[in-house]
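Here the structure comes first, spelled out in structure tokens, and everything after it is commentary.
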Amino acid sequence: MIDPKIVKDNPNLLQDMLRNRKVDFPFTELLDLDRKRRELIIETQNLRHQKNTLAQSIANKKKNQESVDRELDEMKKVGEQMVSLENNSDAVEKRYSDLIYSIPNLLQQSVPIGDSEKDNVVIRTYNDFIKSKVKSDHVDLANSLGLIDLERAAKISGARFYFLKNELVLMNQALTNYALDFLVENGYQLIQPPYMLKNDAIKGSIIMDDFEDVIYKIENEDLYMIGTSEHAMASMHMDEILDSKDLPFRYGCISPCFRKEAGAHGKDMKGIFRVHQFEKVEQFVVTDSPNSSAEHERMLSITERFYQNLEIPFRIVLLSSADTGKVSSKTYDIEAWMPGQDKYREIASCSNCIDFQARRLRIRHRGKVNEETQLVHTLNSTLVATERTMVAILENYQTTNQSVIVPTVLRKYMGGMKEIKVK
RNA sequence: GCGGGGGUCGCCUAGCCUGGUAGGGCGUGGGAUUGCUAAUCCCAUGUUCGCAAGAACUCGUGGGUUCGAAUCCCACUCCCCGCGCCA
């Protein structure tokens, strides 16, 4: 959620942001509601003031055993006015909060203005020279090596589910273990969060529209499956005032992720690239405003180093205004070269949400007890989403005789295995 | 799941039975006093609206009763203790 004061004080800032992001948003309605709401608040407070004053004078008069008939009479009138005002303000309040919560985050200056993902800016490219000459896609490779079963998964769970088998199960664990070790080396505190969250918590870290498109709800419970550990990590410190000197918190999180992918029908239907369930090791950082950009770059460089170590071709892309996610103020994507698709595809995403999540979750920090509190900044980055990364590994490490070489850094996590061969 | 106890301002705690609009302590900031430090005393110490004066809100959450609710009633929730069930 953005700072609601901006609506009143600097609406142009919002209008620019909305234009740059190319999103439809009932902006003038929000302006009207904001003004209306303010008026109603003042009116309501005036009535409450009358009520409080009357109640006080009733108390006083009763103490002196005077008659309170006149006050009771007036109180009745005030009560009636309050009821009719409430009916009015409930509707305004509801619509206002819907809008203020669904307006996207402000963008940072350095975000390139553009119309679509075509305007994303490639910043760095790595390992271009090792692009594979053989170009089978991961589904063919994994099938012929006996590493996945998509048909049976479809039978029992539907599209976008999978069985991992044999060496791919091991590789999945290997990637996870390597990622956790890597983060510990870099000073992260390891966390495994709850996989389900209450509405209050999860709505703090995502925007309303995403509820329907990405999040699974548990029937008859106030619980939602996390779409990423970011959702749990953002809300972990909900309603807390943190000690400034303890910041930053750098968490290395492991969790499965559950996504509806409702907005992506027909897209990436092959294999395990876009699925309803996958495992991810995630970086989540809580810091203060002055340090948030530096933390963002730091997180990106750690992620870069991870993929350099895995020795796959990839590039870093700064997302344009139109492609940047709604809760983020600036996002870098890591795109791996996928020989089977003959293009770069996103395998990790590194975002600075600044105070957008913290505001809604009321996560603040301060140096001393009666200093003014400041909202924290939250940042998140994939370290590794194992299924997508395995797509990249399978396709980039394939050989001319259908086998797949195991990346060097993963071998010690797979009992020294060097190659996955046709049986 | 059952029974009992509990959730009060950054932290601790009083108030709840007997309704009148949150008191104290700690910590922190400012001030006074004092050779210095310490101690002592005074003021301040949540959120929102408002240029301000001021006002409203805030006692786990949401309803209800009442002129008036931290206080009474109902539902929910979380924590602690005991019992049950259980990987």
Side-chain angles (χ1 to χ4, degrees), chain A residues 1-11 30-94 96-97 99-101 192-204 217-224 232 235-247 249 256 286 288 355 358-376:
Chain A
M1 172 185 180
I2 57 149
D3 184 350
K5 286 199 182 81
I6 299 175
V7 178
K8 192 184 82 169
D9 298 339
N10 207 345
L30 178 62
L31 289 187
D32 285 349
L33 281 169
D34 182 65
R35 192 174 30 75
K36 192 82 192 289
R37 176 172 171 270
R38 227 173 278 279
E39 289 166 10
L40 286 169
I41 287 173
I42 291 171
E43 234 178 295
T44 311
Q45 290 193 352
N46 285 340
L47 285 174
R48 284 193 184 138
H49 179 52
Q50 285 180 45
K51 188 184 104 170
N52 289 345
T53 315
L54 282 169
Q56 190 59 57
S57 85
I58 288 171
N60 290 337
K61 289 200 168 178
K62 280 206 168 169
K63 216 183 291 172
N64 301 330
Q65 305 197 328
E66 295 169 40
S67 155
V68 293
D69 292 354
R70 196 180 56 82
E71 280 78 7
L72 292 185
D73 219 45
E74 262 184 72
M75 190 66 104
K76 205 169 181 179
K77 281 185 216 150
V78 173
E80 283 161 7
Q81 285 181 63
M82 285 181 80
V83 169
S84 79
L85 189 64
E86 253 173 59
N87 293 337
N88 199 347
S89 64
D90 280 356
V92 171
E93 195 65 40
K94 171 80 174 63
Y96 169 81
S97 78
L99 290 185
I100 197 78
Y101 284 135
Q192 180 178 308
Y195 303 157
M196 299 179 212
L197 301 176
K198 298 196 271 194
N199 181 275
D200 242 15
I202 202 162
K203 80 181 180 196
K217 183 175 187 334
I218 306 295
E219 207 175 355
N220 300 325
E221 306 263 357
D222 177 29
L223 284 175
Y224 300 80
S235 46
M236 181 183 187
H237 293 291
M238 179 166 85
D239 285 318
E240 292 182 25
I241 298 174
L242 306 168
D243 200 333
S244 303
K245 71 175 188 303
D246 295 338
L247 300 177
F249 294 159
V286 180
D288 55 16
D355 59 10
R359 181 168 295 106
R360 182 130 195 209
L361 292 162
R362 300 166 298 275
I363 310 172
R364 298 139 293 165
H365 71 92
R366 65 179 166 200
K368 289 192 173 153
V369 171
N370 54 347
E371 240 174 44
E372 210 179 334
T373 58
Q374 307 285 331
L375 290 166
V376 300

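The chains referred to below are lettered A, B, ... by the order of the sequence lines, with proteins before strands, and numbering in each begins at 1.
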[X] has an atom [atom1]; how far is it from atom [atom2] of [N], in whole Å?
| X | N | atom1 | atom2 | result |
| --- | --- | --- | --- | --- |
| A/I41 | B/rC49 | CD1 | P | 7 Å |
| A/D239 | B/rG10 | CG | P | 11 Å |
| A/D200 | B/rU61 | CG | C1' | 9 Å |

- Measure from the side-chain N and O atoms of A/R359 to the backbone N and O of A/M1, and report whether any donor-acceptor pair falls under 3.5 Å. yes

- Item | Of A/R48 and A/K8, the one whose closest RNA chain B nucleotide lies more 5' | A/K8

- Item | Pairwise 5' ranking along RNA chain B for A/T44 and A/K198, keeping only the more 5' one | A/T44

Can you tell me how far the [atom1] atom of [X] sits from the [atom2] atom of [Y], to the nearest 0.5 Å?
| X | Y | atom1 | atom2 | answer |
| --- | --- | --- | --- | --- |
| A/L375 | A/R362 | CG | CZ | 11.0 Å |
| A/K61 | A/L54 | NZ | CG | 10.0 Å |
| A/M196 | A/I202 | CE | CD1 | 11.5 Å |
| A/I100 | A/L33 | CD1 | CG | 10.0 Å |
| A/N10 | A/K5 | CG | NZ | 13.5 Å |

- Message: Check this for me: does any side-chain nitrogen of one of A/K245 and A/D243 sit under 4.0 Å from a carboxylate oxygen of the other?
- Response: yes

I'd like the [atom1] distance from [M] over to [N], given in whole Å.
| N | M | atom1 | value |
| --- | --- | --- | --- |
| B/rG29 | B/rC79 | P | 35 Å |
| B/rG24 | B/rC42 | P | 11 Å |
| B/rG4 | B/rG20 | C1' | 33 Å |
| B/rU37 | B/rU33 | C1' | 14 Å |
| B/rU8 | B/rG60 | P | 7 Å |
| B/rG27 | B/rU77 | C1' | 31 Å |
| B/rG35 | B/rG46 | C1' | 41 Å |
| B/rA14 | B/rG7 | C1' | 15 Å |

- Determine the stems involving RNA chain B; a stem requires 3 or more consecutive pairs of the Watson-Crick or G-U wobble kind, each with both distances below 3.5 Å, and the answer is none if no such run exists. B:1-7 with B:77-83, B:10-13 with B:23-26, B:27-32 with B:40-45, B:46-49 with B:54-57, B:60-64 with B:72-76

Pairs: protein N or O with nucleotides 18-21 of chain B N or O, under 3.5 Å:
{"residue": "B/rG20", "atom": "N2", "partner": "A/A55", "partner atom": "O", "Å": "3.2"}

- Message: Side chain of A/Q45 only, heavy atoms from C-beta on: which candidate in B/rU47, B/rA55, B/rC51 is closest?
- Response: B/rA55

- Message: So A/F249 and A/L242, do their side chains get closer than 4.5 Å, heavy atoms only?
- Response: yes

- Message: Are A/D288 and A/Q374 packed together at the side-chain level, in the sense that at least one heavy-atom pair is separated by less than 4.5 angstrom?
- Response: no

In residues 35-43 of chain A, what donor-acceptor pairs under 3.5 Å come from side-chain atoms, sequence neighbours left out?
{"residue": "A/R35", "atom": "NH2", "partner": "A/D32", "partner atom": "OD1", "Å": "3.4"}
{"residue": "A/R37", "atom": "NE", "partner": "A/E93", "partner atom": "OE1", "Å": "3.2"}
{"residue": "A/R37", "atom": "NE", "partner": "A/E93", "partner atom": "OE2", "Å": "3.0"}
{"residue": "A/R38", "atom": "NH2", "partner": "A/D34", "partner atom": "OD1", "Å": "3.1"}
{"residue": "A/R38", "atom": "NH2", "partner": "A/D34", "partner atom": "OD2", "Å": "2.7"}

- Task: Kindly say if A/H49 contacts the phosphate of B/rA55, meaning a side-chain N or O under 4.0 Å from OP1 or OP2.
- Result: no

